[in-house]
> 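My questions all concern the structure below.
Per chain, numbering begins at 1; letters A, B, ... match sequence-line order.
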Amino acid sequence: MKIPSVKGFRDVLPNEAAARRILIERARAVLESYGFGEIEIPLMERGELFARSVGSTSDIVEKEMYAFDDRDGTQIALRPEGTASVVRAYLEAGLSRAMPIARLYYLGPMFRRERPQKGRFRQFTQIGAEFLGRDDAEADAETLCLVADICEVAGLSGYRIEVNSLGDGECRPAYREALVEFGRARLADLCDDCKARLERNPLRLLDCKNEACSAVTADAPMMIDHLCEPCRTHHDRVLQLVGELGVELTHNPRMVRGLDYYCRTAFEVSAEGLGAQGAVGGGGRYDGLVAELGGPQLPGIGFAFGLERMQLAAGDDRPELNLDIFVAPMAAEAAGPAMALARRLRREGWKVEIGASDKKLKAQLKRADKVGVRYAILLGPDELESGRATVRNLGARSDHPGCFALDATAEEIGRELEGTN
RNA sequence: GUGAGCGUAGCUCAGUCGGUAGAGCCCCGGUUUGUGGUACCGGAUGUCGCGGGUUCAAGUCCCGUCGCUCACCCCA
């Protein structure tokens with residue numbers, strides 16, 4: 001009886017892993033070019049961290065989090081997102097004093113117990129960044145620019161960055177009331193989901209996919225029209241700066257973010273090829289979060305990309321995992337010299353596979369062809385006798401008996417191999 | 001949590017009116033005892049998702065169940 005993998009948890013085989021690594025390296029390079037340093041955060045946190053940051057009534061915390069009690073009774077949760085941990089780590093390391101302006105990025109698996117579907121897994125990978133300690137519009141603009149640059153290097157097809165302002169503690173409560181009032185007046189025309197949302201997360205009314213709801217909320221009040229003066233100024237300045245940078249944004253007054261901690265600038269990146277899960281990434285400003293987690297009144301802005309969704313939107317150009325050299329021992333006594341030779345080449349950085357000496361040469365060459373090598377080095381009784389290896393250039397289909405001495409250095413061998421082209 | 005579609009070889013799938021399991025690809029071997037990709041020949045592989053029912057007979061019909069996929073919800 002085979003033991004299957006856990007629902008929503010998947011394996012990444014070598015060629016996909018290579019494609020993921022390339023994507024990650026590109027994103028990493030951009031993040032580091034913006035001065036962000038990597039922070040490694042644990043997979044588990046105390047459950048309360050997410051209840052406090054993401055919001056205890058959010059679906060993520062309420063029904064999607066993997067949570068359990070540790071043996072000493074500590075309530076543990078597998079992290080469903082990264083921002084809370086980064087802020088926690090930042091406070092725990094005393095960085096809020098030592099480095100009040102911090103640019104941190106992280107990368108790794110997150111866990112949410114949702115029903116899997118296209119581009120959505122229970123274990124998924126996020127690449128995220130947090131820009132802490134700055135509340136000026138320039139920080140927002142720089143962050144949006146960074147987001148756009150990541151989309152570019154990732155090669156996302158048809159990506160769009162949508163922005164909105166969610167207001168702040170000054171203006172959002174009043175707006176929220178206005179929206180709830182608007183919704184209550186039209187309760188009968190709303191879908192069941194929206195009726196529930198009206199009480200719990202009224203802003204969500206605005207992005208309901210139900211057509212009837214969209215019609216009802218077409219003339220609903222928009223946050224953008226209810227911003228207080230500072231929020232208004234901030235938002236305008238962000239848009240102006242980003243515009244000057246030549247980064248294209250789509251203003252979406254109906255866009256809302258699911259996590260409690262967002263305020264002011266919020267954004268979402270969508271791309272093609274993702275099925276119903278249009279979002280590859282998202283983020284926003286969270287000026288109250290650091291204080292909420294017990295730190296000083298410090299602002300921050302951040303975002304996260306879903307790696308698996310980036311993969312979908314970036315297309316599936318998987319790199320060939322080609323090896324360089326195949327060493328084919330044709331007799332048991334050639335196995336030792338073959339391994340010694342391979343080791344010398346490997347130490348110089350060549351990717352080398354050795355065949356099994358009990359396999360026929362034909363089978364070994366077939367394998368050599370399959371793993372994509374350019375050169376096969378043949379070692380049989382004749383070669384051991386003469387002390388010189390035979391090289392077969394797979395591309396040129398040419399044989400080179402006695403091509404190089406078995407005790408040649410890797411450098412010399414490399415030259416001889418290239419000479420067969 | 002809700003809904004729909006789909007489960008046959010490692011993969012993609014065919015399988016008629018219920019009649020005892022197939023193709024292509026992949027893999028292995030051979031044509032060539034030391035020379036790969038193309039070609040030709042041969043070979044291996046199935047609890048037809050699982051359990052029950054109907055029937056002389058079930059991959060096929062019925063019921064249940066599990067799994068996968070997509071969508072809702074939510075989100076990256």
> Hey, is Glu383(A) close enough to Arg388(A) for a salt bridge, meaning N to O under 4.0 Å?
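Not counted as a salt bridge, because no side-chain N and carboxylate O are separated by less than 4.0 Å.
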> Give a yes or no on whether a donor-acceptor pair under 3.5 Å exists between the nucleobase atoms of C73(B), that is its base, and the side chain of Arg197(A).
no
> Test side chain to side chain donor-acceptor pair (under 3.5 Å) on Arg374(A) and Thr420(A); report intermediate values, then the result.
CA-CA 10 Å; Arg374(A) 305 237 326 260; Thr420(A) 68; over 6 Å; no
> Which listed nucleotide (C28(B), C68(B), C74(B)) is nearest to the side chain of Lys7(A)?
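Within the option list, the nearest is C68(B).
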> Considering only C73(B), U35(B), C26(B), which nucleotide approaches the side chain of Leu361(A) most closely?
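The listed nucleotide nearest to Leu361(A)'s side chain is U35(B).
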> Does G64(B) have a Watson-Crick or wobble mate here (both distances under 3.5 Å), and if so which one?
C50(B)
> Side chain of Pro116(A) only, please: which of U69(B), C74(B), A76(B) is the nearest?
U69(B)
> Between P on C73(B) and CZ on Arg120(A), what's the gap in Å once rounded to a whole number?
10 Å
> Given that Arg113(A) and Thr125(A) both sit by RNA chain B, which one's nearest nucleotide is further toward the 5' end?
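The residue mapped nearer the 5' terminus is Arg113(A).
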> Within the 4.0 Å heavy-atom criterion, would you say Lys63(A) contacts the bases, only the backbone, or no part of the nucleic acid?
nothing
> If pairing requires Watson-Crick or G-U wobble contacts with both distances under 3.5 Å, which nucleotide is the partner of G43(B)?
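Paired with G43(B), as far as the under-3.5 Å criterion goes, is C27(B).
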> Calculate the interatomic distance between Tyr261(A) atom OH and A76(B) atom C1'; express it in whole Å.
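Those two atoms, OH and C1', are 11 Å apart.
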> Give none if U35(B) has no partner; otherwise give the nucleotide forming a Watson-Crick or G-U wobble pair with it, both distances under 3.5 Å.
none
> Ring-on-base stacking between Phe124(A) and A76(B), under 5.5 Å between centres and under 30° between planes: is it there?
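Here the ring of Phe124(A) and the base of A76(B) are stacked, with centres under 5.5 Å and planes under 30°.
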> Indicate, with a heavy-atom threshold strictly under 4.0 Å, whether Ala368(A) touches base, sugar-phosphate, or nothing.
nothing
> Taking the basic N atoms (NZ, or NE/NH1/NH2) and the acidic carboxylate oxygens, is any pair closer than 4.0 Å for Arg120(A) and Glu114(A)?
yes
> Nearest-Å distance, NZ (Lys362(A)) to P (G29(B))?
10 Å
> Can you confirm whether more than 12 heavy atoms, excluding those of Glu38(A), are under 6.0 Å from its CD atom?
yes
> Does Glu383(A) contact G34(B) through a side-chain donor or acceptor facing the base, at a distance under 3.5 Å?
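Answer is yes: a donor-acceptor pair is held.
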> Expressed as a whole number of angstroms, how long is the span from Lys366(A):NZ to C26(B):C1'?
10 Å
> Any strand counts, and the cut-off is 3.5 Å on both contacts for Watson-Crick or G-U wobble. Which nucleotide pairs with C13(B)?
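Paired with C13(B), as far as the under-3.5 Å criterion goes, is G22(B).
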> Using ring centroids (six-membered ring only for Trp), state whether Phe303(A) and Phe305(A) fall under 6.0 Å.
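They qualify: ring centres under 6.0 Å apart.
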> Classify the side chain of Arg397(A) versus the base of U35(B) as yes if they form a donor-acceptor pair under 3.5 Å and no if they do not.
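No, the side chain and the base share no sub-3.5 Å donor-acceptor pair.
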> Whole angstrom is fine here: how far is it from CD in Glu272(A) over to P in A76(B)?
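It works out to 21 Å between those atoms.
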> For Arg115(A) and U69(B), give me the distance from atom CZ to atom C1', rounded to whole Å.
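That distance rounds to 11 Å.
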> Check the distance between G34(B)'s P and Arg392(A)'s CZ and give it to me in whole angstrom.
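One finds 14 Å between P of G34(B) and CZ of Arg392(A), rounded.
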> Students often get this wrong, so: under 4.0 angstrom with heavy atoms, is Phe326(A) touching a base, only sugar-phosphate, or nothing?
nothing
> Can a salt bridge be assigned to the pair Arg79(A) and Glu45(A) using a cut-off of 4.0 Å between side-chain N and carboxylate O?
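Not counted as a salt bridge, because no side-chain N and carboxylate O are separated by less than 4.0 Å.
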> Which is true for Gly275(A) with a 4.0 Å heavy-atom rule: it touches a base, it touches only sugar-phosphate, or it touches nothing?
sugar-phosphate
> Please say whether more than 12 non-hydrogen atoms of neighbouring residues, nucleotides or ligands are located less than 6.0 Å from NZ in Lys195(A).
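Count over threshold, so yes.
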> Now, which nucleotide makes the Watson-Crick or G-U wobble pair with A4(B), with each of the two distances under 3.5 Å?
U69(B)
> Taking donor-acceptor contacts at under 3.5 Å, does the side chain of Arg112(A) reach the base of C74(B)?
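Not at all, since no donor on one side and acceptor on the other fall under 3.5 Å apart.
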> To the nearest Å, give me how far apart CG (Asp193(A)) and C1' (A71(B)) are.
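The distance from CG of Asp193(A) to C1' of A71(B) comes to 13 Å, rounded to the nearest Å.
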> Describe the nucleic acid contact of Leu307(A) in one word from base, sugar-phosphate, nothing, applying a heavy-atom distance below 4.0 Å.
nothing
